[in-house]
Amino acid sequence: MFRLRSISLLCAALIGFAPFSMRGQAPFVSVTDDMHVVTNNLEGFWGPGMSGWDVNGDGWDDLTFGDFFGGANVFLNQGGTFSSEPLVITPTGPCETKSTVWGDVDNDGDQDLYMGCRSDPNRFFMNTGDMTLVDVSETCGLNALSTSSWGGAWVDVNRDGFLDLLVANYTSPYDYPNELYLGNGDGTFEEVDITDYGMLPVARASFQHHWLDMNGDDVLDVYVINDRFNVNESYLGVSGGLGLPDTLVSTPDSMGLNVSGDLMGETWLDTDLDGDLEVYIANSSPHGNKLLEADSTGVYMNRAAELGIDLYRQSWGVSAGDWNNDGWEDLYVSTSNWTYYYVDVFDVEPVDNAIFQNTGGSWSSWESLTPELDVQSFSHAACDWNRDGSYDLCVYTCDSVASMLQGVPNANAWLDLVPHGTTSNVDGIGWIVHAYTTNADGSVTRRTRQLAAGESFMMQRARRLHFGLGAAEVVDSLHAVWPSGTEEWLYDIPTNLQIDWVEGATLVESEGCTYAGACNYDAFASSDDGSCDFSCLVPECPDLSSACGPGTQWDAVLQMCLPESVCWHDSDQDGNITTQDLLGLLSVFGNACP
């Protein structure tokens, strides 16, 4: 049974996995033809963005695609497959859609939508229930100017429990600095000066903000991707306690994070499992992608060439994820011809997307085993649309149908965590979780995952934290830091679970099947109720009745072979099974058979 100290759990579902060999196994299979998710990405300026967020709260990851012609198309997940017809979200005014970022701004349980627009005013939709989205852009407090906004990121920057919005503006000439809006909790916002929170007021070609803890102090920081050789911006959060920053401090250029280039998207991961995060940055084809890793003095250096992941293709959105659940996060890179500007994509030479496998800190291309890389794309979304514990990828291709890559289950372990904030924002955006496991040699590994809403290049991954855990059969402990600053721990967690974790709740005593080998094992049951079911194991067991020899027959009650002519239960052989038979058995109980 788990040892608990101030844990928060709503429920946990045990989901099985199939044992497969990992040597030479493809991380994904294509289900594009089966799914047939129709999109509209046939023209436009560097593509629209997309989201893999669960938008209707049913626990299944949905897909949202920005539409170049305006608005967005939402394909709802129907138990592992997607609706054939999308929910079309249409703004009341023009919008060449870029980012589509969901978040529950009023904590009412319904997801609301921010839509970044190029050359048009940005849009915001309130969800009034049952996925009815109302465009309230004119009254919600957003800037009505055409600031050419590409990225949007939700976070609760002032710790009031309501989501705030940081907007990335990409303008040329650089007329508009990035924007910060504080949410009032009722669907309206108040724009504040970004310098009030320590950010620079300069206008740059910004693609996206990403809120995360970069330096491991459990306080949120922010990283800004800037294009056209404008240096990236990195800000460290400064706080008197854990959680969100009270203010931000710009890092010095000498730290090495404020690099420049034709930079498009980024993702953070612990490439070598040493407890420190590195950042992988998409760059233009002549310059190569970057992998910035801090040295012993805290200065970040580019190691991409050394590790063999300095991709010289026009790269855009990038994602880190443990695609094979071996405990080491891998990389997927969306690429496209950089000349793509209101052109017919079929007249442009494709630039294959890329995928890299991380094996024990060493990198190699996974392209020969990965389907459908010969497509152009700007963005994609990592999610688990069939909830089998193997992450899936939806790639928003420059085509009329999305590329659907379904993760292949294997013998490696995994753990999924879905947050439910109470004091924090209800989505748990900004949630940080550290998972500790013990290795075969007795050493301990810490893996860190963080929930962001808006990252890389106009992208939003699923609202879940996914841990690949390799051969681990149990997670020693989970240490969660909520956006409110609350810390919570959970101990001795079985793997291959999805856990819905509620902030500030406690585990309720419950009955269930406590035998780990049963089909209906309940990892969180405090006492056994006798309901253990072993029927799923029967096909794996031999038919023992066929082993009975001549003159014997199978006894289904005792599960053994007994003489055909003898009633085994009638110990005195009087033709009846009575108390006398029981007393006879008890009289010799404990003696050794001759």
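Position 1 is the first residue of the sequence, and the numbers go up from there.
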One pair to check against ring-ring contact (aromatic ring centres under 6.0 Å, His included): Phe457 and Trp46. What are the steps and the verdict? CA-CA 10 Å; Phe457 185 77; Trp46 296 340; 7.7 Å; no
At their closest point, which heavy atom of [X] faces which heavy atom of [Y], and how far apart are they?
X      : Y      : result
Ala26  : Leu369 : CB-O, 3.0 Å
Gln78  : Ser83  : OE1-CA, 3.6 Å
Ile309 : Tyr280 : O-OH, 2.8 Å
Glu96  : Asp120 : N-OD2, 3.0 Å
Asp330 : Leu269 : O-CD1, 4.5 Å
Ser379 : Pro48  : OG-O, 3.3 Å

Mark yes or no for whether [X], through its side chain, and [Y], through its backbone, hold a donor-acceptor pair below 3.5 Å.
X      : Y      : result
Glu266 : Val279 : no
Thr97  : Gly71  : yes
Asn258 : Thr251 : yes
Asp221 : Gly237 : yes
Asp392 : Gly407 : yes
Asn324 : Pro27  : no
Asn325 : Gly389 : yes
Asn353 : Thr335 : yes
Asn358 : Thr271 : yes
Ser315 : Arg313 : yes

Could you tell me the separation between the [atom1] atom of [X] and the [atom2] atom of [Y], rounded to the nearest 0.5 Å?
X      : Y      : atom1 : atom2 : result
Asn143 : Glu191 : CG    : CD    : 5.5 Å
Tyr312 : Asn283 : OH    : CG    : 9.0 Å
Leu373 : Leu405 : CG    : CG    : 7.5 Å
Ser365 : Phe356 : OG    : CZ    : 6.0 Å
Thr81  : Asn386 : OG1   : CG    : 10.5 Å
Trp268 : Met214 : CH2   : CE    : 5.0 Å

In Phe189, Tyr114, Trp102, the residue satisfying ring pair (Phe, Tyr, Trp, His ring centres under 6.0 Å) with Phe124 is Phe189
Of the options Phe378, Trp316, Phe207, which is the one that meets Trp150 in a ring pair (Phe, Tyr, Trp, His ring centres under 6.0 Å)?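 So, applying the ring pair (Phe, Tyr, Trp, His ring centres under 6.0 Å) to Trp150 and each of Phe378, Trp316, Phe207, only Phe207 qualifies.
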Side chains of [X] and [Y] in contact at under 4.5 Å (non-hydrogen atoms):
X      : Y      : result
Met264 : Asp227 : yes
Ile432 : Thr448 : yes
Ser137 : Thr92  : no
Leu182 : Val157 : yes
Val299 : Met255 : no
Met459 : Gln208 : no
Tyr181 : Val167 : yes
Asp272 : Glu293 : yes

Pair Arg204 + Glu233: basic N to acidic O under 4.0 Å: yes
Is Arg463 salt-bridged to Asp54, going by a charged N under 4.0 Å from an acidic O? no
So, [X] versus [Y]: side-chain donor-acceptor pair below 3.5 Å or not?
X      : Y      : value
Thr64  : Ser51  : no
Trp385 : Gln406 : yes
Ser149 : Asn169 : yes
His209 : Asn178 : yes
Tyr170 : Arg228 : yes

Should Trp211 and Leu166 be marked as a side chain to side chain contact (heavy atoms under 4.5 Å, CB included) after you check the CA-CA gap, both sets of side-chain angles, and the distance that decides it? CA-CA 10 Å; Trp211 289 93; Leu166 192 54; 3.7 Å; yes
Carefully, step by step, assess Asp322 and Arg447 under the rule salt bridge (Lys or Arg N to Asp or Glu O under 4.0 Å). CA-CA 11 Å; Asp322 191 350; Arg447 296 176 176 87; 5.9 Å; no
Count the heavy atoms of every other residue, nucleotide or ligand shown that sit under 6.0 Å from CG of Asp295, and state whether that count exceeds 12.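 Count over threshold, so yes.
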Output, in order, the C-alpha distance, side-chain angles, deciding distance and verdict of side chain to side chain contact (heavy atoms under 4.5 Å, CB included) for Asn232 and Ile281. CA-CA 10 Å; Asn232 287 350; Ile281 304 175; 4.0 Å; yes
I would like to know whether Phe229 and His287 meet side chain to side chain contact (heavy atoms under 4.5 Å, CB included); could you show each step before the answer? CA-CA 11 Å; Phe229 286 87; His287 305 289; 3.5 Å; yes
In Arg461, Arg464, Arg387, the residue satisfying salt bridge (charged side-chain N to carboxylate O under 4.0 Å, His left out) with Asp61 is Arg464
Parallel under 30°, tilted from 30 to 60°, perpendicular over 60°: which one fits the rings of Tyr332 and His380?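 It falls in the perpendicular class, over 60°.
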Verify whether the ring centers belonging to Tyr197 and Tyr235 lie closer than 6.0 Å. no
Check Thr100, Asp427, Val74 against Trp53 for a side chain to side chain contact (heavy atoms under 4.5 Å, CB included) and give me the one that passes. Asp427
Cys117-Cys95 sulfur separation below 2.5 Å? yes
Could you walk me through whether Asp213 and Asn215 satisfy the side chain to side chain contact (heavy atoms under 4.5 Å, CB included) test, starting with their C-alpha distance in whole Å, then the side-chain angles of each, then the deciding distance to 0.1 Å, before giving a yes or no? CA-CA 6 Å; Asp213 174 22; Asn215 61 349; 3.0 Å; yes
